Number of protein chains: 2
Amino acid sequence: MSRNRLPQEEANGGTDAGQGSPARPTILDLAALCGVSPATVSNALAGKPNVKAQTRDLVLRKAREIGYHASSTARGLRMGRSWSIGLVVGDIANPFVPDVVRGVEDVVWRERKNLILCNTDFQAEKKTAYVRSLLDKQIDGMIVLSQILDDQDMERVEAAGIPLVTVNRRAPGHSCDYVGIDNQAGVRMAMDYLVSLGHRRIGFIKGLFRSSSADDRLAAYQEAVAAHGLDSDPSLVVQGDYSMESGDSATRNLMAAQRPTARPTAIVAANDLMALGALGALHDLGIKVPSDVSVVGFDNIQLAEHPLLNLTTINHPKRETGDSAARLLLQRIAGDRGDPPRSVILKPSLIVRGTSAPPSAAAVAKPRRRSASQPEKNQAEKKQAAGT
Amino acid sequence: MSRNRLPQEEANGGTDAGQGSPARPTILDLAALCGVSPATVSNALAGKPNVKAQTRDLVLRKAREIGYHASSTARGLRMGRSWSIGLVVGDIANPFVPDVVRGVEDVVWRERKNLILCNTDFQAEKKTAYVRSLLDKQIDGMIVLSQILDDQDMERVEAAGIPLVTVNRRAPGHSCDYVGIDNQAGVRMAMDYLVSLGHRRIGFIKGLFRSSSADDRLAAYQEAVAAHGLDSDPSLVVQGDYSMESGDSATRNLMAAQRPTARPTAIVAANDLMALGALGALHDLGIKVPSDVSVVGFDNIQLAEHPLLNLTTINHPKRETGDSAARLLLQRIAGDRGDPPRSVILKPSLIVRGTSAPPSAAAVAKPRRRSASQPEKNQAEKKQAAGT
DNA sequence: GTCCCGAGCTAAAACGTTTTTACTCCGTCC
DNA sequence: GGACGGAGTAAAAACGTTTTAGCTCGGGAC
């Protein structure tokens, strides 16, 4: 109806005698108010050089005055961006995750981008639906934490030209930026440390198969067993699923052996949650930690340092993980999409606390074979500060 | 350049001999492909009744075929919505928070809306900036967890007509939907339980002042002290800030009293984190829990049930909190904005675990005054299952 | 035969920006 | 005195939808 509206007529004026909110000002209102064209307002607000200082100041002043804020949606449509990045996690309630999220948020916030949190519950269809939704929203970039996307989703992301950073899981066959930790080094640290204490029979609670990090950690355990010539009974490796409960039951399995000498004197868990489960099980079984059995975790989640848990563990720099992922992503968004993919591999570190000690005299009384091979691999470890 | 393009010409065809992604199909492409107008395509996809079944089927088929997905941005601009809701939290790394977030995500996901996570770090300017950003994005609604917004921010949200649900903190002077827990009942449960065990001298670690929940919990403590005629030494109430460290130092303060009888036989903390801090401090001080001192927390965070912590606490239904908040918000979004504000007050429950027991004989040996008044307030509590 | 109506579709406006192109001064250079 | 150029601004196109208003066509009522 209001075709051909006069230049001075306020775009929002007049007609809203009705109810509800007074319809926030558009750039047209602001332009009319300043007596310039919308284009000039846009340029002024964007700080473009082709607008007279006097005009710019006027625009800025009036803008502040009426509280003008450009519609993200409109500029998003025009510019093909959304100033938000998608963060796909499996389970935000897992204590490992929020710390990483915190790291991501911190750097994303600096560029005033928003974080869209997608909790997939590790369900394939939820993952797919979320990825679709993110693409529909024209997100600037995407971070996928501790899981991999289907090939089809992956292709969609690539086809859309959306930068993607994967964290903790490599996407096989796809090249994108990656942030992870040196899993092998971490487990090796734990193993070398336990060996230096005198342990020869070390159990391992592995994580879910089909995940690169779980594989890496298990492989590192096996390599360490071989390198140090430790007992390599297959019953020393038990399956967990990264949950506390699984750590509990895995430990009961480990300790169920009839002959006491068949039981491990130390347990390494592929993550802290399972290690805490192990502590719980051992407590229930009346097995003393660390005097009877040592326990070492992986991740160093927040509560691991509680005096009553006091878990010896491998530190996973969680916040730094999120930080690096976000940085990589932002660089990729700003810079050339064609650059070769980059990886950031963070360094684990050993944090010695109260759940580890030399094995009891009884346990080491009966030395098995003496592997004569590794004289140089003694103890490069020392007690490290808990601060990472 | 391509002014006046012919109706049959594909909107995306021809010109992109260049590099990069092949530009996802628009509704124009789809319309051309189906030989109908964009309006019809839109109607067909939206399931409007004014399109012939045959046409609709064709459109749906072709849409699937070329993988057409409408741009969220474009329809957002047109429809004034964004299908995303803002979730403002103080610190996602606080173990209480992710569980609530999980609850929110769950119901929001059912409507295929997205969650924009805003971590304010409790900084006023970050809070303000995030709220601004959310409004610019035309979010459908907003949930604010465990904090209050400035009056100015609040007004902006109201002016924008964006539904808002506050969780755990009432916004004084503003009427909006609210989800919380009955703090008073929770603390009363804890106090009644401890009294029923025989405790007469109970310390309280309060949370940050200036927060309604902290006030409520403190008030409930004081009421219980009065109602049961307990020792009401002001030194029995110490300040914490909801962190584990503060629980630690607060407990050291409580236990620093020279005369043993001046020390509490039980400690109630305004949240689990501080309770865990208390456990740590007591452990360090060589004070046995629960034989020397009982400890009761509030929230029942995930790790509280670990066998080595085994914290007696008041359960705060966290996931249900997020669930209710999201439900309230979605109803408000869908329904009439003018309806009177609603509140959901969740019920706390006592979870008895290992950190509580009757006071030691030594501590109760010297009964102080016998308050003759409350015979009916004996023990309405019984050991409850930890499930809640 | 005319009128009306509904079914099915299209044209075009609208959403609120940014960006490209074009225009208007005005001073300077030749 | 006209051409040129640059500074500052304006007009209009573009982004990809949804929605409103209007069009066309055929059939039924009168």
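Per chain, numbering begins at 1; letters A, B, ... match sequence-line order. Just so it is clear, the model here is predicted, and its values are computed rather than measured.
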Problem - Separation of atom CG in N43(A) from atom C1' in dA7(D), rounded to whole Å - result: 13 Å
Problem - R24(A) CZ to dT17(C) C1', straight-line distance once rounded to whole Å - result: 11 Å
Side-chain donor/acceptor of [X] to backbone N/O of [Y], under 3.5 Å:
X       : Y       : value
N119(B) : G90(B)  : yes
D91(A)  : A93(A)  : yes
S82(A)  : Q138(A) : yes
D140(A) : W83(A)  : yes
R78(B)  : A74(B)  : no

Completion exercise
Rounded to the nearest 0.5 angstrom, the CG-NZ distance for D153(A) and K127(A) is 8.0 Å
Respond yes when some side-chain nitrogen or oxygen of [X] is under 4.0 Å from OP1 or OP2 of [N], and no when none is.
X      : N       : value
K48(B) : dT18(D) : no
T55(B) : dC9(C)  : yes
S42(B) : dT17(D) : no

Handout entry: Distance under 6.0 Å and angle within 45° of ring axis: R170(B) vs Y178(B)
Key = yes
Handout entry: Contact list for DNA chain D against residues 65-76 of chain B - heavy-atom distance below 4.0 Å
Key = Y68(B), H69(B), A70(B), S71(B), A74(B), R75(B)
Practice task
Would you kindly compare R78(B) and S37(B) by the position of their nearest DNA chain C nucleotide and give the one closer to the 5′ end?
Solution key: S37(B)
Problem - Given DNA chain C, 5'-ward residue of the pair A39(B) and L77(B), judged by closest heavy atom - result: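 It is A39(B) whose nearest nucleotide is closer to the 5' end.
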Problem - Side-chain heavy-atom pair Y68(A), I27(A) within 4.5 angstrom cut-off - result: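 The answer is yes, as the side chains (C-beta and beyond) meet within the 4.5 Å cut-off.
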Problem - Angle between terminal axes - the helix from dG1(C)-dC30(D) to dC30(C)-dG1(D), 5 pairs each end, rounded to 10° - result: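 Taking five pairs per end, the axes differ by 70°.
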